[in-house]
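Have a look at the structure below, then the notes.
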Amino acid sequence: CISQTDDENLYAMAAKGDGKKAFVIVNDSDEEKNVELSVVGANLSEGKAIAVDEEHFFDEIEGPEKEVILPPYSIRYVEF
């Protein structure tokens, strides 16, 4: 897993196993964050995304494209 950020309030982690891959991104700040995604060989828009934020509580949402906008104090989990 390679995650790069210059923002001390953004955290990312990835995992793979049993034919599945997933990552999670956490915005631990009171500001909205625009995050550019780059996952080699993956079509993220076909993946399953779960959101936790002010409007969602572990709700499945549309998979991300090349970027995701993270509301303040939010989590995005994407499985593909």
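Small disclaimer: the values here were computed from a predicted structure and weren't measured. Heads up: numbering here begins at 1 and tracks the sequence.
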Does the side chain of [X] reach to within under 4.5 Å of the side chain of [Y], using non-hydrogen atoms?
X     : Y     : answer
Tyr77 : Phe58 : no
Asn27 : Tyr73 : no
Leu37 : Ile25 : yes

* **Which atom of Pro71 lies closest to which atom of Ser74, heavy atoms considered** =>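 Reported closest heavy-atom pair: O-OG, 2.6 Å.
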* Spell out, as yes or no, whether a donor-acceptor pair under 3.5 Å connects the side chain of Asp30 to the backbone of Pro72. =>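 Not confirmed, Asp30 side chain does not pair with Pro72 backbone.
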I need the [X] [atom1] to [Y] [atom2] distance, nearest 0.5 Å.
X     : Y     : atom1 : atom2 : answer
Lys16 : Phe23 : NZ    : CZ    : 15.5 Å
Asp28 : Leu70 : CG    : CG    : 11.5 Å
Leu10 : Lys33 : CG    : NZ    : 5.5 Å

* Are Tyr11 and Ile75 linked, directly or through other ILVMFWY residues, by side chains that come within less than 4.5 angstrom of each other? -> yes
* Asked: Linking I/L/V/M/F/W/Y whenever any side-chain heavy atoms sit under 4.5 Å apart, do Val35 and Ile69 land together?
  -> no
Would you tabulate the side-chain donor-acceptor contacts of residues 48-56 under 3.5 Å, counting partners in other chains and residues two or more places apart, or write 'none'?
| from | atom 1 | to | atom 2 | distance (Å) |
| --- | --- | --- | --- | --- |
| Asp53 | OD1 | Glu55 | N | 2.7 |
| Asp53 | OD1 | His56 | N | 2.9 |
| Asp53 | OD1 | His56 | ND1 | 3.0 |
| Asp53 | OD2 | His56 | ND1 | 3.3 |
| Asp53 | OD2 | Arg76 | NH1 | 3.2 |
| Asp53 | OD2 | Arg76 | NH2 | 2.9 |

